[in-house]
Chemist: 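Quick one: this structure, given as structure tokens, is what I'll be asking you about.
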Amino acid sequence: MAIQNFLFASLLIFSSIESNHGATEVSLFSNLENSLEVTAKPMKDGVVLEAGKDMVRITWMLKSTAKVDGDAAFRTVEVKLCYAPISQVDRPWRKTHNEISKDKSCLHKIVSKPYDKIPQSLNWTIERDISTGTYFVRAYGIGVNGQEVAYGQSTDAEKTTNLFGVEGISGRHTSLDVASICFSVFSFGSLLVFLVKEKRKVKLQQRK
Ligand SMILES: *[C@@H]1O[C@H](CO)[C@@H](O)[C@H](O)[C@H]1NC(C)=O
């Protein structure tokens, strides 16, 4: 009972720390202006890209429709790789969240650069640790205090257009590793069976 009370008290303290922390610097995605033009074009057409090998050409700039001073608050631009809804199916840990610090769908940072008014581009090789999934690219305009102030993404608001598929190598390695472990267990097993049989044969022959 005492332990339960202790756990409950800790939980209360912890959650109040959490909410205090949140109160000072919550950045809500729904509050951001969509003022960056972002594109992400695979350098191979119509195929699933291979992690560690294939490239995506990423560009970003202030939208022509944005306010004249729409980028006045930008200090840096953070470009991130985001899971599209297709790859979030059955994977609750990839969930999107309106509070940007809790968003698990855009965890992979591609690059963070000082903001420049001229259009930027980057030929990005999909990194080896990217797992199999469907992706788009999002760029955040970050203000002086490090908070997101605007964004742009290579897909539409529903995240259905211009997605690209990636086949991760880690997944493939895992299955290969599992296969080779199974195989070696199997062959070790067969070897044991063979040796035992041979030994028996030898014993039988000695008895004769
Ligand atoms: C990126 O790739 C494109 C197309 O191959 C090429 O024209 C461009 O010069 C490359 N940019 C950089 C920065 O490497």
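Computed over heavy atoms, backbone and side chain alike; hydrogens, waters and symmetry mates excluded. Numbering of ligands and ligand atoms starts at 1, following listing order.
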Chemist: Under the 4.0 Å line, does any protein heavy atom show up next to atom 7 (O) of ligand 1?
Modeler: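 There is no protein heavy atom less than 4.0 Å from atom 7 (O) of ligand 1.
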
Chemist: So, Thr161 side chain and Asp156 main chain: donor-acceptor pair closer than 3.5 Å or not?
Modeler: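 Answer holds: yes.
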
Chemist: Anything under 30° is parallel, anything over 60° is perpendicular, the rest tilted; go ahead and classify Phe74 against Tyr115.
Modeler: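 If you compare the ring of Phe74 with that of Tyr115, the planes turn out perpendicular.
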
Chemist: Taking only heavy atoms of Met43, which atoms of ligand 1 are found under 4.0 Å from at least one of them?
Modeler: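 In order of numbering, the contacting atoms are 1 (C), 2 (O).
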
Chemist: Any non-hydrogen side-chain atom of Trp60 less than 4.5 Å from a side-chain atom of Leu122?
Modeler: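 Yes; the side chains approach each other to less than 4.5 Å.
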
Chemist: Counting non-hydrogen protein atoms only, what is the nearest one to atom 2 (O) of ligand 1? Give residue, atom name and distance.
Modeler: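 For this ligand atom, the closest protein heavy atom is Asn123 ND2, 2.5 Å.
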
Chemist: Parallel, tilted or perpendicular: which fits the ring planes of Tyr140 and Phe29, with parallel below 30° and perpendicular above 60°?
Modeler: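 Ring orientation, 0 to 90° scale: perpendicular.
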
